[in-house]
Structures are given as C-alpha cells and as structure tokens.
Asker: 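First, the structure itself, so that you have it in front of you.
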Amino acid sequence: MLPTDKVALATTYDTTISSATSVTLNAGTKLVEITALSQPVFVKWGSTTVTSSNFDYLMPANSTIHRVVPFGTTVIQVLEQAASATVAITEFA
C-alpha cells in the first residue's frame, strides 16, 4: 500500500483500450499503480507491443497492483482481454 503523502506525477484513465495502447511514463516515475476496471487487462513493460501471448501481467477485472518501474523503462503497454475494458494508471516518484 502506498503512503498517503504521495502525490501523483501523472495519471491515465483510458476507457478505449480495444487495441494495444502505449502510456509514456513521466521522466520521474519510479512506481505505478495500475487498476483494471470492468474487464481483465494485459500489461507489458517497454515498447514491445503487448499481446495475449506476450505480456508481463494479466490484471483481473476490478483489481489494483503497485509496481516499481524497471530501470530504463519509459513506456507501459496495455491491452484489453475482453471488450469494454478500462484501465487507470497512476505514476509516483
């Protein structure tokens, strides 16, 4: 769980991730909170396109994870597993 004194550097809320979507991270981002709403979402670190057979995480619907951003990573890729997926990504220093 994140300390309550953390202020977000950037946020992304996307209700249209029908195809692979890239989220470019803020230069100071060291930690991300990723929330899958309504449908499962595939997540991949880096610029390689995420697919249902090439992903780092499969987020179950209505779940949240906190992850340290791997060194040198500037992009997160997301892809819906089922139609009408929504994802929220919050970035922290």
Asker: Hey, any chance Val41 and Val75 share a hydrophobic cluster, counting ILVMFWY side chains that come within less than 4.5 Å of each other, even indirectly?
Answerer: no
Asker: What is the distance from atom CG of Leu25 to atom CH2 of Trp45, rounded to the nearest 0.5 Å?
Answerer: 7.0 Å
Asker: List the steps, then state whether side chain to side chain contact (heavy atoms under 4.5 Å, CB included) holds for Val69 with Val32.
Answerer: CA-CA 7 Å; Val69 176; Val32 293; 3.8 Å; yes
Asker: Do any pairs count as a side chain to side chain donor-acceptor pair (under 3.5 Å) and have a residue in residues 84-93, sequence neighbours left out, and if so which ones?
Answerer: Thr29-Glu91
Asker: How many angstroms lie between CG in Leu37 and CG in Asn62, if you round to the nearest 0.5 Å?
Answerer: 6.5 Å
Asker: Please report the interatomic distance CZ(Phe92) to NZ(Lys30), rounded to the nearest 0.5 Å.
Answerer: 14.5 Å
Asker: Test: salt bridge (Lys or Arg N to Asp or Glu O under 4.0 Å). Region: residues 36-46. Which pairs qualify, not counting sequence neighbours?
Answerer: Lys44-Asp56
Asker: Any side-chain heavy-atom pair from Val87 and Thr35 closer than 4.5 angstrom?
Answerer: no
Asker: Rounded to the nearest 0.5 Å, how far apart are CD1 of Ile34 and CD1 of Ile89?
Answerer: 5.5 Å
Asker: A side-chain contact here means heavy atoms from C-beta on lying under 4.5 Å apart; do Val50 and Val78 qualify?
Answerer: no
Asker: Say you draw a straight line from CZ of Phe55 to OG1 of Thr48; how long is it, rounded to the nearest 0.5 Å?
Answerer: 14.5 Å
Asker: Are Leu58 and Pro40 packed together at the side-chain level, in the sense that at least one heavy-atom pair is separated by less than 4.5 angstrom?
Answerer: yes
Asker: Could you pull out the closest heavy-atom pair between Leu9 and Ala93, with the gap in Å?
Answerer: CD1-N, 3.6 Å
Asker: Can you measure from CG (Leu79) to CG (Asn54) and round to the nearest 0.5 angstrom?
Answerer: 10.5 Å
Asker: Of all the heavy-atom pairs spanning Val68 and Leu31, show the shortest one and how long it is.
Answerer: N-CD1, 3.8 Å
Asker: So, for Ala85 and Ser38, which heavy atoms are closest and what is the spacing to 0.1 Å?
Answerer: CA-OG, 4.0 Å
Asker: Which residue pairs pass the side chain to side chain donor-acceptor pair (under 3.5 Å) test when at least one of the two sits in residues 67-81, sequence neighbours left out?
Answerer: Ser22-Gln77, Tyr57-Arg67
Asker: So which heavy atom on Ala83 is nearest to which on Gln39, and how close?
Answerer: O-CG, 3.2 Å
